[in-house]
Participant: 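Let me begin by handing over the structure; questions about it come next.
Just the heavy atoms: all of them, side chains too, but no hydrogens, waters or symmetry mates, feed the values below. Everything numeric in this text was worked out from a predicted model, so none of it was measured.
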Amino acid sequence: MNEILKKLDLSDYIDSFSKLLAREKSIILEGDINLHHRLISELSKFDLKEPTKVANLDNALLHIQKQGILKIYEIYEFIKIIKYFNYLKRFNFEGKLADWIDRIIIPSEINNICDYFDEKENLKQGVNEDYDAIKGAIYNNKQEIKQSLYKLINNTKLRSYLVDSQVHYVNGEECLLVRGGFNHVIKATVLDRSNSGFFYVLPHSVSSLKQKQSDLINKQEEILLKVCKEISSLFEKNLLFLKFINKEFDRFDHYQARIFFAKVGDKNFILPNKKGKNKLVEFKHPALHEAKPISIDFTKSVVMITGVNAGGKTMMLKSILSAVFLSKYLLPYYTHHTSEIGTFKEIAAVLDDPQSVKNDISTFAGRMVEFSKLFSSKSAIVGVDEIELGTDSDEAASLFKVIIEELIQKDIKIIITTHHKRLASLMASNEDVELIAALYDEENQKPTYEFLQGTIGKSYAFETASRYGIPHNVIKKAKIVYGEDKDRLNELIERSSALEIEYKQKIKKLEEEQERFERLNKNLKEAKESLDEHIYEEKSKLHKEYKDARDEAKKAIKAKVAVGHQHLNVAHAKAQSIKTEKVQEVVELKVGDRVKYRNSKGEIISIKGKKAFIENDMGMKMQVLLSDLQRSGNPPKIKAKPKASVNVQRPDTGHVKLDLHGQRADEAIENLDKFLSDALIAGFDEVLVYHGIGTGKLSYAVKQFLDKHPRVKSYEDAHPSSGGFGAKVIKL
C-alpha cells in the first residue's frame, strides 16, 4: 500500500485523511462498497459531532478473552465507544442507516457501567463506598500537609532560614527552600539542592503525613483493582458484543472521516461501476498546488500518451491511477461528479528505473520482470512510464506491441507514456487503443499541460533543449545530424495516424447511417404490407355493401310505390352505414422538420417519446403529441410576425422549487415535465426539485428523466441544508 501511494504521490493526501480517524487504522473499508456509499450518503445529511480519539483495543479484547483484568483506562476506552453509539441512537435516522444503528443493541449491564465514570475517566461518587471514603481521606490528608507546611512557613524561628515563603515540588514531594543551618530550628530531610546552594527539605512532621498519604493511595488502588476485576468479569460475559461494537465503531469511524474529508475543498465520491466506462472530468491531482484540471476518457483498453517533454504525461498517468485508487477505497477527491471509474481488482505502477547493481539487474530486465507478473493478473489497471526505457526503441516497439495485445485479452487496462512514435504508430490502428498527445505552445516555446485525444504528439526535444539554455549552434548541428528525412517521417507518422483515426470515425458514422436506413427501409416495407392488407379488406367490404344496396334498389323497383319507398329507405340507410377507416401514411418525424399543428406551422425542436416540442412561426413554444403533427414543406414567411412577450417576475430567492414527495413515479414525472416547461418559459436558469430518498424509485425516475430532457444542462445533489441527496439542483 505505501509503495503505490508513494509512486502516485498520494502519501500526504492519505496522511491528511488518516488524521481525521478517531484511531489509527488501515484506510481500506472492507465489505460491500455500494452499501458503504449509500450509508455515507445518508449519514452526510446529519450534523454529528466527531468521535473522541480511541485507543486500539485488540490487545484488551485478547486480555478479556484470557480472563485478565483490564486497567481503568482500558475500561474507559470501551466506555467511550458505548457512549458514542448511545449518542447516535438519539437521531431519527432513516433507510439503511436506521437499520444499521438499530441492529446495535447495547446490553443494559454494559450501559450501566457507563454511569460509573465522569468525563475525566474517574469513578463517580457513590459507585463504591470504600473508594469514596478513601478518596475523602486522601483529600483531608493533603489539606493537613498543606496546613503543616504553611504553619512552618509562618514560624518565627524558621523564617530567617527560609529563602522564600512558597511550597516547592521536588520529585513529586512538597518541600521548603531553606538556607544552611536550618537544622538548628527544624528536623527535616534534604531532598535536593538548588543552583544557588540552598536546600530543598521535607520536614519530619510532614513526612509522617506523606507516609499516611502513600498508605491511603495504596488502599485506593486495591479498591480500584477490585472494581476493575468486577467490570472485567462483566466484559468477559459480553465479549462477543464488545468485539462486535469495536468493529462497528471502526466502520462508523471510516464513514465519518470520509464525510469530513469530502467537505474540505468540496471533494466528490466517485463510486466504481461495472459498466466498463472510465472518464475523468476536471480532475485535480491532490499533490499539485493550483493544478490545471484534466478531463480524459480512458474507456479503451490502452491509453498511449505521447508528446512534449515535461508536458505532464507522467502526471496524467499518475492522475488516472490515483483516481482509480481513491475510488476503489471510496475516498473523495477533486473531480466533477460526472466522472466515471470502472472496477479494478489490482492497480500496478511501473514508473521507476528498476536498475540495481546489488541485484545485478538492468533497466530493461527489470521492466521485463514487472511485465511478466502482469500475465498472471486479471481485471487490473497498469501504468507504465517511458515504456521503451532501457533498450532499442525499434525492437522494444515490436516486443511491446505483442505484449500489450496479449494483456488486452486478459482484461488488463494499460496506461502508457512514451516519446517514441514507432510503438504509437504500430498501435494506432488497434480499436482498443486511445492515443493522447501532450500539447506544446510553439509560439511561446513551452508546454501547455493540456492534452488532445486521438493523435500522436511530437517530443519537441530540440525546442526543449533550447528553452533550457543549450546553445543554438549546438541545436542546429543536432538537427542536421538528425536529418530532415526523419523529421518528415515523424510528421508523416503523426499525420497518417490522425487520418487513420479520422477515417475510422467516418466509416463508423457511415455504418451507423447505413444501419439506420436499413432499419427505416424495413419499417417502410412492413408498413406498406400492412397498408396493402388493410386496403384489400376495405375494398372487399365496399363490394359487399354495394351489392346489398343494389339488391335493395332492385326490390324497390319491382314493388309497389309505398313499399318501394320503404325499400329505398332501407337501401339509403345501408349506404349511410358504410364506414371505412381513414388510412394515414406513416410519417417518421425528426428534429428540425417543418410541421403543421392545427392552424399553425412551425419546426420541431426536440422529441421525447410520443411527444414533441415545437416552435411555431410566431415564436411560441409548445409541447404536443407527435400523432397530431403533419409534415409541412412550406418554408416560414420571410416577414416574421411580432413575437408575443411574456414577462414573469422572478421570486426574490432567485430560484423556484417543486416538491414531489408522496407522488407515484409517472405522476411525478408528468408534474416535473410541466414544471420545467413553465420554468423555461419564465426564463429561470436554475430550479430546485425535492424527491426524497425513500426506496430510491422516485429518485431514479427523476434522474432518468433529467438525463434525457433536451433543455437540462446539468443537475447535481443539493446542499445538505437544502435537502442533500433527497433533492436536485437543475440548471436549464
Participant: Between Phe17 and Tyr13, does a ring pair (Phe, Tyr, Trp, His ring centres under 6.0 Å) hold up when you go through it step by step?
Facilitator: CA-CA 6 Å; Phe17 163 74; Tyr13 190 69; 8.5 Å; no

Participant: Inspect the contact between Glu222 and Lys226 and indicate whether a charged nitrogen and a carboxylate oxygen are less than 4.0 angstrom apart.
Facilitator: no

Participant: For Lys229, I'd like to know if atom NZ has over 12 heavy atoms of other residues, nucleotides or ligands within 6.0 Å.
Facilitator: no

Participant: So Tyr76 and Tyr73, ring pair (Phe, Tyr, Trp, His ring centres under 6.0 Å) or not? Walk me through it.
Facilitator: CA-CA 5 Å; Tyr76 192 73; Tyr73 64 84; over 10 Å; no

Participant: Between Ser148 (side chain only) and Val206 (backbone N and O only), is there a donor and an acceptor less than 3.5 Å apart?
Facilitator: no

Participant: Are any side-chain N or O atoms of Glu42 and backbone N or O atoms of Leu97, one a donor and one an acceptor, separated by less than 3.5 Å?
Facilitator: yes

Participant: Between the main-chain N or O of Ile104 and the side-chain N or O of Lys89, is there a donor-acceptor pair closer than 3.5 Å?
Facilitator: yes

Participant: Working to the nearest 0.5 angstrom, can you tell me the gap between Ser11 OG and Asn2 CG?
Facilitator: 7.0 Å

Participant: May I have the step-by-step check of side-chain hydrogen bond (donor to acceptor under 3.5 Å, both in side chains) for Thr314 and Asp385, ending in yes or no?
Facilitator: CA-CA 6 Å; Thr314 302; Asp385 193 29; 3.1 Å; yes

Participant: Is the ring pair Phe199/Phe182 parallel, tilted or perpendicular, if the boundaries are 30 and 60 degrees?
Facilitator: tilted

Participant: Residues two or more places apart in sequence or in another chain: which of them pass side-chain hydrogen bond (donor to acceptor under 3.5 Å, both in side chains) with Asp659?
Facilitator: His661

Participant: Is it the case that the side chain of Asn141 and the backbone of Leu209 share a donor-acceptor pair, with hydrogens and angles ignored and the cut-off at 3.5 Å?
Facilitator: yes

Participant: List in chain and number order the residues that pass side-chain hydrogen bond (donor to acceptor under 3.5 Å, both in side chains) with Gln166, two or more places apart in sequence or in another chain; answer none if no residue qualifies.
Facilitator: none

Participant: Do the numbers put Lys413 on top of the ring of Phe344, so that NZ or CZ is under 6.0 Å from the six-membered ring centre and no more than 45° off the axis?
Facilitator: no

Participant: Keeping the roles fixed (side chain from Asp717, backbone from Lys728), state whether a donor-acceptor pair exists under 3.5 Å.
Facilitator: no

Participant: May I ask you to check whether Glu144 and Asn140 show a side-chain donor-acceptor distance below 3.5 Å?
Facilitator: no

Participant: To check you understand the geometry: which heavy-atom pair defines the closest contact between Asp115 and Lys124, and what is its length?
Facilitator: O-CD, 3.1 Å

Participant: Centroid separation under 6.0 Å, is that true for the rings of Phe283 and Tyr333?
Facilitator: yes

Participant: Does the ring centre of Phe235 sit less than 6.0 Å away from the ring centre of Phe78?
Facilitator: yes

Participant: Sort and list the pairs that fulfil salt bridge (Lys or Arg N to Asp or Glu O under 4.0 Å) and have at least one residue in residues 246-258, not counting sequence neighbours.
Facilitator: Arg23-Asp250, Lys25-Asp250, Lys25-Asp253, Glu248-Arg251

Participant: Side chain to side chain contact (heavy atoms under 4.5 Å, CB included) with Pro203: which of Leu152, Val178, Thr189, Leu158?
Facilitator: Leu152

